[in-house]
Student: 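Shown below is the structure under consideration.
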Amino acid sequence: MSKKLTSRSTDYSKWYNELVVKADLAENSAVRGCMVIKPYGYAIWEKMQAELDKKFKETGHQNAYFPLFVPKSLFEAEEKNAEGFAKECAVVTHYRLQNDPNKPGKLRVDPEAKLEEELVVRPTSEAIIWNTFKGWVQSYRDLPLLINQWANVVRWEMRTRLFLRTAEFLWQEGHTAHATKAEALTEAKLMNNIYANFVQDFMAIPVIEGVKTESERFAGADETYCIEALMQDGKALQAGTSHFLGQNFAEAFDVKFANKEGKQDYVWATSWGVSTRLMGALIMTHSDDYGLVLPPSLAPNQVVIVPIYKSEEDLEQITEVANTILIDLRKKNRTVKFDNRTTHRPGAKFAQHELQGVPLRIAIGPKDLANQTVEIARRDTLTKETVHLNDLINRVEALLEDIQQSLYNKALTYRDSHITEVDTFEAFKTALNDKGGFVSAHWDGTTETEDKIKELTKATIRCIPLENKQETGNCILTGKPSKERVLFAKAY
RNA sequence: CGGGGUGUAGCGUAGCCCGGUUAUCGCGCCACGUUUGGGACGUGGAGGCCGCAGGUUCGAAUCCUGCCACCCCGACCA
């Protein structure tokens, strides 16, 4: 394995794959399309989980867990949802293996052990959850029902990529039931907004909140809200979605309640989710040719201390200083690691921590001991400064905050400079191919036009931004009148 | 599922066309020594059912047949 990462400009896709593996985030497994998330990658995911989980609970949601398997008859109950996912479902048909009489030492599926009813491995859990909710709701007093689950799901994708699209992935899926349409709509928008705030504040990734067009909508939803981010290669990435499901699932699973007037009514529903795909967004937004760049809020180690020494005595003194720093920073709730491995030299440690995106590196050597200083290097700008021990803790605090903010600002500047308004189809194609990013254009509102544009350019409508400016114009493809611009992009 | 390609040590590879000593090289790994302010160096060492099965041959990584797996380009997608 070569030491240097393939550069982004050489081959963006290769850069991404190498980075994921070399930074020790994840690797491909023996199962086609499924990844192993390694401890360092999982630590980042756990930080995301912790923060999201807190936000969900603050807004009144509770965690629960539902089965991995969905009986086929339940799965097919909501027709549009079933149809939308049917092509990518793994299905369990048997429950037992046996020794293969023809091949010693090998196993085969026991043909006698065929299931009466096939079990679908959940690609999403609406079916099993709504079948369960049926028993939980009788009265308006049981509502709203605000449930979230952290789970794995399986979608049998044809082509997979680490974190961005894997056959099995981890996510959270919220499922809520409400007495009124207005309440459910408010919930769907609220959760989309929580996602937006999380991604912007914690992941330092700017997003556009919007709604999906009919063809991009979740199968079984009446409206899909989303947050869309822009990657460094100019492609858009859907970072989260929140669906207003209307009464579709309530009708399919017969979930009725008695309202205040004593009349039976179907409940109104939402579902919303973000997945390990966020890891992909994180990587592709901030990282550079030296490796991963992590915002301090998500870094498993926010600061790493590297000793530089010749003698054992030096190391002892450095260790003493390092331990003081460790204690002081931990008091500030910062995560710090003292990398005192004797098996690697400083240069190798520097390179590794850069590759893994540690926001700040503190180096302490003999010169520093003599001067009561340390050297601080920031990962995002790759700049170094020498700081006196007396000022160190405040300086670290300030730098960590600055890194968090400047990563966001940098990404925002890039994103905003890659939203191009166009009024003709020629300009549309030029913007898309020469510059990339979002292209803001008028569209006649039909699925046919959307499909045609996709066929001609590979670009899809990522979203209609919330609170979109209303302005009259003409569809770039058909010339038909339009009342607002929508955002197109090539997407992951 | 259509089109193209590749399987040789943990990883990346040479050799294959044109069969012939002990299968090449780099990274990584192990031991010892010297090193340590940006991926150290030297010496020594370990590691291979050459994807699997069959065939041709005195002899197969190399030729033939079948199978399997993976990758790339399409169609599908959080």
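Side chains included, hydrogens not; waters and symmetry mates left out as well; all remaining heavy atoms used.
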Student: Set out, line by line, the N/O atom pairs under 3.5 Å between protein and nucleotides 3-5 of chain B.
Tutor:
none

Student: Which part of the nucleic acid, if any, lies within reach of A/R161 when heavy atoms closer than 4.0 Å are counted: base, sugar-phosphate only, or nothing?
Tutor: nothing
Student: Expressed in whole Å, how much space separates the P atoms belonging to B/rA31 and B/rC17?
Tutor: 42 Å
Student: Taking only Lys NZ, Arg NE, NH1 and NH2, and the carboxylate oxygens of Asp or Glu, determine whether A/E76 and A/K72 approach each other closer than 4.0 Å.
Tutor: yes
Student: In whole Å, I'd like the distance from the NZ atom of A/K22 to the P atom of B/rG28.
Tutor: 12 Å
Student: Measuring only the C1' atom in each nucleotide, how far is B/rC71 from B/rG66? A whole number of Å is fine.
Tutor: 22 Å
Student: For RNA chain B, just give me the dot-bracket, please: Watson-Crick or G-U, both distances below 3.5 Å, ( ) intra-strand, [ ] crossing earlier pairs, | paired with another strand, . unpaired.
Tutor: (((((((..(((.......[....))).((((((.....)))))).....(((((..]....))))))))))))....
Student: Are A/K38 and A/E27 close enough for a salt bridge, meaning some N to O gap below 4.0 Å?
Tutor: yes
Student: How would you list all residue pairs meeting ring-ring contact (aromatic ring centres under 6.0 Å, His included) that involve residues 196-239 of chain A, not counting sequence neighbours?
Tutor: A/F85-A/F218, A/F198-A/F202, A/F218-A/H243
Student: Mark yes when over 12 heavy atoms from residues, nucleotides or ligands other than A/Q62 sit less than 6.0 Å from its CD; otherwise mark no.
Tutor: no
Student: Within the side chain of A/E18, is there an N or O that forms a donor-acceptor pair under 3.5 Å with the backbone of A/T6?
Tutor: yes
Student: Please give the distance between the C1' atoms of B/rC18 and B/rA61 as a whole number of Å.
Tutor: 15 Å
Student: Find the distance A/K87:NZ to B/rC1:C1' and express it as a whole number of Å.
Tutor: 14 Å
Student: At a cut-off of 3.5 Å, list every protein nitrogen or oxygen paired with a nitrogen or oxygen from nucleotides 33-37 of chain B, distance to 0.1 Å.
Tutor:
{"residue": "B/rU35", "atom": "O2", "partner": "A/R345", "partner atom": "NH1", "Å": "2.8"}
{"residue": "B/rU36", "atom": "O4'", "partner": "A/R345", "partner atom": "NH1", "Å": "3.4"}
{"residue": "B/rU36", "atom": "O2'", "partner": "A/Y309", "partner atom": "O", "Å": "3.3"}
{"residue": "B/rG37", "atom": "OP1", "partner": "A/R345", "partner atom": "NH2", "Å": "3.3"}
{"residue": "B/rG37", "atom": "O6", "partner": "A/G365", "partner atom": "O", "Å": "3.3"}
{"residue": "B/rG37", "atom": "O6", "partner": "A/P366", "partner atom": "N", "Å": "3.2"}
{"residue": "B/rG37", "atom": "O6", "partner": "A/K367", "partner atom": "N", "Å": "2.7"}
{"residue": "B/rG37", "atom": "O6", "partner": "A/D368", "partner atom": "N", "Å": "3.1"}
{"residue": "B/rG37", "atom": "O6", "partner": "A/D368", "partner atom": "OD2", "Å": "3.3"}
{"residue": "B/rG37", "atom": "N1", "partner": "A/D368", "partner atom": "OD2", "Å": "2.5"}
{"residue": "B/rG37", "atom": "N2", "partner": "A/D368", "partner atom": "OD2", "Å": "3.4"}

Student: Any carboxylate oxygen within less than 4.0 angstrom of a Lys/Arg side-chain nitrogen, looking at A/D288 and A/R379?
Tutor: yes
Student: In whole Å, measure the gap between the P atoms of B/rA9 and B/rC50 for me.
Tutor: 9 Å
Student: Report which part of the nucleic acid A/Q238 touches: base, sugar-phosphate, or nothing (heavy-atom distance under 4.0 Å, all strands).
Tutor: sugar-phosphate
Student: Checking all strands, does A/Y492 fall into the base, sugar-phosphate, or nothing category for heavy-atom contacts under 4.0 angstrom?
Tutor: nothing
Student: With rounding to whole Å, what would you report as the distance between B/rU56 and B/rA60 at their C1' atoms?
Tutor: 10 Å
Student: Is A/E216 paired with A/R462 through a side-chain N to carboxylate O contact shorter than 4.0 Å?
Tutor: yes
Student: Can A/K189 and A/S242 be said to form a side-chain contact (heavy atoms from CB on, under 4.5 Å), step by step?
Tutor: CA-CA 7 Å; A/K189 289 179 199 169; A/S242 178; over 6 Å; no
Student: Assess whether a salt bridge exists between A/E385 and A/R395, defined as any Lys/Arg side-chain N lying under 4.0 Å from an Asp/Glu carboxylate O.
Tutor: yes
Student: Using atom NZ of A/K4 as one end and atom C1' of B/rC27 as the other, report the distance to the nearest whole Å.
Tutor: 15 Å
Student: Regarding A/D402 and A/R378, does a basic nitrogen lie under 4.0 Å from an acidic carboxylate oxygen?
Tutor: yes
Student: Taking the same atom, C1', in B/rC11 and in B/rG3, what whole-Å distance lies between them?
Tutor: 30 Å
Student: Show every side chain to side chain donor-acceptor pair (under 3.5 Å) that has at least one partner inside residues 41-51 of chain A, sequence neighbours left out.
Tutor: none
Student: Going through the distances and angles, do A/Y414 and A/L230 end up as a side-chain contact (heavy atoms from CB on, under 4.5 Å)?
Tutor: CA-CA 9 Å; A/Y414 174 82; A/L230 189 64; 3.8 Å; yes
Student: Can you name the atoms? Protein N/O to nucleotides 69-75 of chain B N/O, anything below 3.5 Å, with the distance.
Tutor:
{"residue": "B/rC73", "atom": "OP2", "partner": "A/R159", "partner atom": "NH1", "Å": "2.6"}
{"residue": "B/rC73", "atom": "OP2", "partner": "A/R159", "partner atom": "NH2", "Å": "2.2"}
{"residue": "B/rG74", "atom": "OP1", "partner": "A/K458", "partner atom": "NZ", "Å": "3.3"}

Student: To the nearest Å, how far apart are A/D24 CG and B/rC11 P?
Tutor: 16 Å
Student: Could you give the distance separating B/rG7 and B/rG12 at their C1' atoms, to the nearest angstrom?
Tutor: 14 Å
Student: Check this for me: A/Y12, atom OH, are more than 12 non-hydrogen atoms of other residues, nucleotides or ligands nearer than 6.0 Å?
Tutor: yes
Student: When all nucleic acid strands are considered with a 4.0 Å heavy-atom cut-off, which category describes A/L237: base, sugar-phosphate, or nothing?
Tutor: nothing
Student: Answer yes or no: side-chain N or O of A/E354 and base N or O of B/rG38 forming a donor-acceptor pair under 3.5 Å.
Tutor: yes
Student: Between B/rG19 and B/rC64, how far apart are the two C1' atoms, rounded to whole Å?
Tutor: 13 Å
Student: Just wondering, do A/I325 and A/L392 contact through their side chains at under 4.5 Å, heavy atoms?
Tutor: yes
Student: Please indicate whether A/W156 has more than 12 foreign heavy atoms, meaning atoms of other residues, nucleotides or ligands, lying under 6.0 Å from its CH2.
Tutor: no
